[in-house]
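What follows is a set of notes on a single structure, which appears directly below.
Any value given below was found using the heavy atoms of this structure, including those in side chains, with hydrogens, waters and symmetry copies removed. Nothing here was measured: the structure is a model prediction, and the numbers come from that model.
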Amino acid sequence: MAALEHPPLAEAVAAASSSPPKSPAPKPTFLNDTYELVDGDRIQRRATAPPPTSRAEHEAEEMEVMAELLRYVTCSMLSMGLVAVWVPDEEAAARCPVYATPDWADSPKLLILLVNQVGGQAGLWSRSLCFSHGLRAGTMLDALDAALADGYAVIVPNPNCNSAWVEEAGAGAAKGAAKVAIEDSRSPEEHTVGVWENLVRRRRYRGQVFLFSHGNGSTLARDLLHRTLAYRATDPVKKERKKKKKR
């Protein structure tokens with residue numbers, strides 16, 4: 001799972017798993033030798049950083065700053081008090097994190113933020129927007145800050161996290177890693193429905209639910225809305241049939 005291949009990120013997420021820490025994680029600092037974060041918003045190349053001398057060096061720089069952007073945004077969400085909840089569960093070998101406020105199930109209003117982009121990551125609306133227009137435009141951080149200030153509980157799904165690299169060892173064989181599909185998260189659509197079924201419905205959430213989407217995330221919001229309306233339409237019928245069987 002690309003999201004957790006960055007060691008500092010993996011450590012931060014593991015430290016903020018389902019059992020909430022006694023206090024939120026500290027606010028992170030953007031750490032990259034080539035790029036810096038200006039005014040908490042704009043990512044720009046350091047004046048002292050020499051230009052790359054080859055395509056390979058340029059691609060390596062891009063990978064490093066992308067990994068740092070993801071770490072910074074994830075750690076920023078954790079510093080707001082969100083915790084990692086694992087899909088399909090914490091014990092699964094192939095799993096991915098969803099981020100949520102610890103008390104979401106008891107809150108009267110719940111905000112679910114949805115995005116769906118190839119290579120997308122939880123907490124980011126768009127990686128390219130982060131570099132062209134800044135983190136306020138390209139990440140969910142401002143939206144999360146405003147939602148928490150207004151008393152919303154939040155869930156940030158991770159719909160584009162669909163597989164994970166899992167270490168495996170066979171009898172007499174050297175250890176290796178295999179790419180494994182994540183149960184309940186094999187596609188963005190399955191992930192979103194899985195979060196709804198395994199978190200929201202399983203906990204019998206009774207408050208108001210608000211969906212906030214960007215770009216292709218609107219298709220996930222639409223599918224979720226249709227599924228919810230269909231459930232509400234058929235559930236009374238099922239209950240009535242059960243009553244008739246008991247008579």
D33 atom CG: more than 12 heavy-atom contacts under 6.0 Å: no

Nearest non-hydrogen partners of R71 and T29, listed with the distance: NH2-O, 2.6 Å

Verify same cluster id: V193, V87 (apolar side-chain graph, 4.5 Å): no

Taking every non-hydrogen atom, the tightest pair across L199 and W104: O-CH2, 3.3 Å

Cluster check V166, W86: I/L/V/M/F/W/Y, side chain < 4.5 angstrom: no

Q208 vs Y152 side-chain heavy atoms within contact, under 4.5 Å: no

Under 3.5 Å donor-acceptor, T101 side chain and V154 backbone: yes

Heavy-atom donor-acceptor pair, S79 side chain to S76 backbone, under 3.5 Å: yes

Within one Ile-Leu-Val-Met-Phe-Trp-Tyr cluster: L144 and F210, side-chain cutoff 4.5 Å: yes

Linked, directly or transitively: V180 and I182 (ILVMFWY side chains, under 4.5 Å): no

Pairwise side-chain contact, M77 with L141, heavy-atom cut-off 4.5 Å (strictly under): yes

Salt bridge (charged side-chain N to carboxylate O under 4.0 Å, His left out), paired with R186, selected from E189, E183, E190: E190

Interatomic spacing from CG in L220 to CG in L114 - rounded to 0.5 Å: 6.0 Å

Main-chain N/O of L110 paired to Y205 side chain as donor or acceptor, under 3.5 Å: yes

Atom of S218, atom of S213 and distance for their closest heavy-atom approach: CA-OG, 3.4 Å

Evaluation steps, side chain to side chain contact (heavy atoms under 4.5 Å, CB included), between L135 and L37: CA-CA 9 Å; L135 270 59; L37 185 63; 4.1 Å; yes

Exceeds 12 heavy-atom contacts within 6.0 angstrom, atom CZ of R45: yes

Side-chain heavy atoms of L69 within contact of F131, under 4.5 Å: yes

Close side-chain approach of V115 to L113, heavy-atom, < 4.5 Å: no

R203 side chain vs D106 backbone, donor-acceptor pair below 3.5 Å: no

Connected via hydrophobic side-chain network under 4.5 Å: F30 and L124: yes

Candidate list T219, N162, D223, test side chain to side chain contact (heavy atoms under 4.5 Å, CB included), partner P188, passing option: N162

Exercise: identify the closest heavy-atom pair between L129 and G138: CB-CA, 3.7 Å

R46 backbone acceptor or donor facing E36 side chain under 3.5 Å: no

Under 3.5 Å donor-acceptor, N216 side chain and Q117 backbone: no

Side-chain donor or acceptor of D39 paired with backbone N/O of D41 under 3.5 Å: no

Close side-chain approach of E62 to H58, heavy-atom, < 4.5 Å: yes

Test log, rule side chain to side chain contact (heavy atoms under 4.5 Å, CB included), inputs R202 and E197: CA-CA 6 Å; R202 183 174 291 176; E197 295 292 331; over 6 Å; no

Reported CG-to-CG distance for the pair D150 and D145, which is rounded to 0.5 angstrom: 10.0 Å

Closest heavy-atom pair and its distance - V83, P102: CG1-CG, 4.0 Å

Heavy-atom side-chain proximity of T139 to Y72 below 4.5 angstrom: no

Any N198 side-chain heavy atom under 4.5 Å of P88 side chain: no

Parallel, tilted or perpendicular, as decided by the 30° and 60° cut-offs, for the rings of F212 and W125: tilted

Point-to-point distance, once rounded to the nearest 0.5 Å, from CG of N32 to CD1 of I43: 9.0 Å

pair I155-V200: side-chain heavy atoms closer than 4.5 Å: yes

Polar side-chain atom of S185 near backbone of C161 as donor-acceptor pair, under 3.5 Å: yes

Minimum heavy-atom distance between V73 and G123, given as atom pair plus value: CG1-O, 3.6 Å

Separation of T34 OG1 from E57 CD (nearest 0.5 Å): 8.5 Å

